[in-house]
Amino acid sequence: MLHVGVNGYGTIGKRVADAVRAQPDMAVAGVAKTSPNFEARVATDRGYALHAPEDRHGAFADAGFDLAGSVADLVRRSDVVVDATPSGVGARNRPIYERHDTPALFQGGEDADVAEVSFTARASYEDARGADYVRVVSCNTTGLARLFAPLSEAYGIDRVRVTLVRRGGDPGQTDRGPINDIVPDPASVPSHHGPDLRTVLPDLEVETMGLKVPTTLMHTHAVNVTLGSAPDVEAVRDRFESETRLFVLPADLGVDGAGKLKDLAMDAGRPRGDCWENCIWGESLTVEGRELYLFQAIHQEADVVPENVDALRAVADMADREESMARTERALGLDGQLGQGTPEPERATPAIADGGNGDD
Ligand code: NAD
């Protein structure tokens with residue numbers, strides 16, 4: 001059983017903690033936060049041992065929390081730590097992990113040099129096996145690597161161009177924007193996503209441009225790939241459908257945007273309405289000669305969650321890539337693709353037997 005500490009229990013950390021708890025070969029050693037806010041309540045309600053930096057213990061005590069210890073205590077209790085603190089804080093935390101000789105995962109907000117390996121399960125699992133420090137790349141980079149790793153294996157890739165239409169902030173980020181604008185971000189080309197993608201797919205010829213828009217739901221990527229050969233569009237569709245973390249949205253679901261996609265995930269009973277897969281619009285899949293075009297949606301809060309679980313198994317050398325991905329997906333329920341039926345809601349009382357009027 002791998003004991004995992006989660007340092008930073010915010011948007012990513014709380015999801016990773018729940019995903020780790022769902023795994024048969026992992027347990028949550030505890031979580032750490034700096035603010036005694038609602039997420040600290042969620043952590044204690046879910047039975048996670050709550051930790052905080054020592055200089056924050058007074059604030060947690062004033063808010064009525066019983067802490068299990070400091071961040072150093074959490075690191076001592078953990079076989080591996082997932083650092084999900086805000087961008088830049090992870091790099092400052094690395095010396096704590098080094099002092100305790102504890103391997104750690106960092107997130108995509110950190111520079112690549114925070115760790116020896118940048119990670120997505122599909123593109124760089126083997127490089128991370130047995131490594132001490134691994135960076136799980138950002139939500140956008142994860143979504144792009146999942147797409148290009150299988151394309152590159154099947155057809156070769158000459159060149160990729162992606163325009164990333166990025167959400168302005170997460171739903172809880174009241175200080176982010178734009179509120180009413182469409183902002184090239186950055187206005188210079190390329191955006192950082194192309195170079196970041198090369199930390200996991202080093203040979204990829206890729207150019208990326210980014211925009212920020214007023215939504216909190218998801219990112220959308222407009223993708224054009226020049227492939228090495230000219231496949232049939234149905235062959236590309238089959239290839240994507242064989243990848244567990246790519247979901248080709250059937251046109252007949254009538255999902256016309258990220259809003260309905262979130263609804264679909266919520267109706268499917270996904271925790272927090274999370275879409276762990278890339279969602280590719282089936283109608284957008286177009287092949288003209290060697291040019292492939294598509295749109296995909298990336299749920300920024302969710303796609304890196306299964307990747308963190310796999311990165312833990314890679315660091316602890318607990319399984320090979322295929323076994324780890326399958327175990328992660330079984331435990332999360334990711335193996336039942338979105339759109340293949342939704343669970344019946346649980347009934348509080350038995351169903352009305354014959355004769356009931358059923359209208360109340
Ligand atoms: P968040 O702000 O939602 O959560 C951060 C957590 O860290 C909070 O619980 C906070 O209490 C805690 N924390 C610990 N030390 C802290 C400190 N010194 N200062 C402030 N808070 C501290 O952040 P997030 O969105 O979960 O992002 C975490 C990491 O994941 C970042 O590297 C980010 O770039 C990356 N990431 C975020 C997203 C996303 O869409 N939110 C997607 C992929 C990757």
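Every value quoted in this text rests on a predicted model; they were computed, and no experiment measured them. Start at 1 with the first residue, then count along the sequence. Atoms within each ligand, like the ligands themselves, are counted from 1 in listed order.
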task: Return yes when Lys33 approaches ligand 1 closer than 4.0 angstrom through a heavy atom, no otherwise.
output: yes
- prompt: Nearest heavy-atom pair of Val82 and Gln107: which atoms, and what distance?
  reply: CG1-NE2, 3.5 Å
Tell me yes or no: between the side chains of [X] and [Y], is some donor less than 3.5 Å from an acceptor?
{"X": "Thr120", "Y": "Thr142", "answer": "no"}
{"X": "Arg239", "Y": "Ser242", "answer": "yes"}
{"X": "Asp320", "Y": "Tyr125", "answer": "no"}
{"X": "Asn140", "Y": "His221", "answer": "yes"}

Rounded distance (nearest 0.5 Å) linking atom [atom1] of [X] with atom [atom2] of [Y]:
{"X": "His51", "Y": "Arg77", "atom1": "NE2", "atom2": "CZ", "result": "4.0 Å"}
{"X": "Asp310", "Y": "Gln23", "atom1": "CG", "atom2": "CD", "result": "8.0 Å"}
{"X": "Phe240", "Y": "Leu147", "atom1": "CZ", "atom2": "CG", "result": "4.5 Å"}
{"X": "Asp132", "Y": "Asp101", "atom1": "CG", "atom2": "CG", "result": "7.0 Å"}
{"X": "His219", "Y": "Leu144", "atom1": "NE2", "atom2": "CG", "result": "10.0 Å"}

Give the atoms of ligand 1, by number and element, whose distance to some non-hydrogen atom of [X] is under 4.0 Å.
{"X": "Arg167", "value": "39 (C), 40 (O)"}
{"X": "Thr85", "value": "7 (O), 14 (C), 15 (N), 28 (C), 29 (C), 31 (C), 32 (O)"}
{"X": "Gln300", "value": "38 (C), 39 (C), 40 (O), 42 (C), 43 (C)"}
{"X": "Tyr9", "value": "6 (C), 9 (O)"}
{"X": "Ala84", "value": "5 (C), 6 (C), 7 (O), 28 (C)"}

Any N or O on [X] sitting closer than 3.5 Å to an N or O of ligand 1?
{"X": "Gln107", "answer": "no"}
{"X": "Gly108", "answer": "no"}
{"X": "Glu301", "answer": "no"}
{"X": "Glu39", "answer": "no"}
{"X": "Ser138", "answer": "no"}
{"X": "Arg92", "answer": "no"}

Can you tell me which portion of [X] lies within the under-4.0 Å heavy-atom range of ligand 1? Options are side chain, backbone, both, or neither.
{"X": "Cys139", "result": "both"}
{"X": "Val89", "result": "side chain"}
{"X": "Lys14", "result": "neither"}
{"X": "Ile12", "result": "both"}

- request: Among Arg321, Arg146, Arg135, find the one that has a salt bridge (Lys or Arg N to Asp or Glu O under 4.0 Å) with Glu307.
  value: Arg146
[atom]: which protein heavy atom is closest, and how many Å away?
{"atom": "atom 2 (O) of ligand 1", "answer": "Pro86 CG, 4.2 Å"}
{"atom": "atom 15 (N) of ligand 1", "answer": "Thr34 CG2, 3.4 Å"}
{"atom": "atom 4 (O) of ligand 1", "answer": "Gly10 CA, 3.3 Å"}
{"atom": "atom 41 (N) of ligand 1", "answer": "Asp170 OD2, 2.5 Å"}
{"atom": "atom 25 (O) of ligand 1", "answer": "Thr11 CB, 3.7 Å"}

Nearest protein heavy atom under 4.0 Å from atom 23 (O) of ligand 1, yes or no: no
task: Just go through Gly109, Ala52, Pro53 and tell me whose heavy atom is the nearest to atom 32 (O) of ligand 1.
output: Gly109
query: Given the rule in the side-chain hydrogen bond (donor to acceptor under 3.5 Å, both in side chains) test, do Asp83 and Thr85 qualify, once you have shown the distances and angles that lead to the verdict?
result: CA-CA 6 Å; Asp83 186 299; Thr85 58; 2.6 Å; yes
field: salt bridge (charged side-chain N to carboxylate O under 4.0 Å, His left out) assessment of Arg313 paired with Glu323
entry: CA-CA 10 Å; Arg313 277 201 199 89; Glu323 172 58 27; over 6 Å; no
message: For Phe106 and Tyr133, take the angle between the two ring planes, folded into 0 to 90°, and tell me which bin it lands in: parallel under 30, tilted 30 to 60, perpendicular over 60.
response: tilted
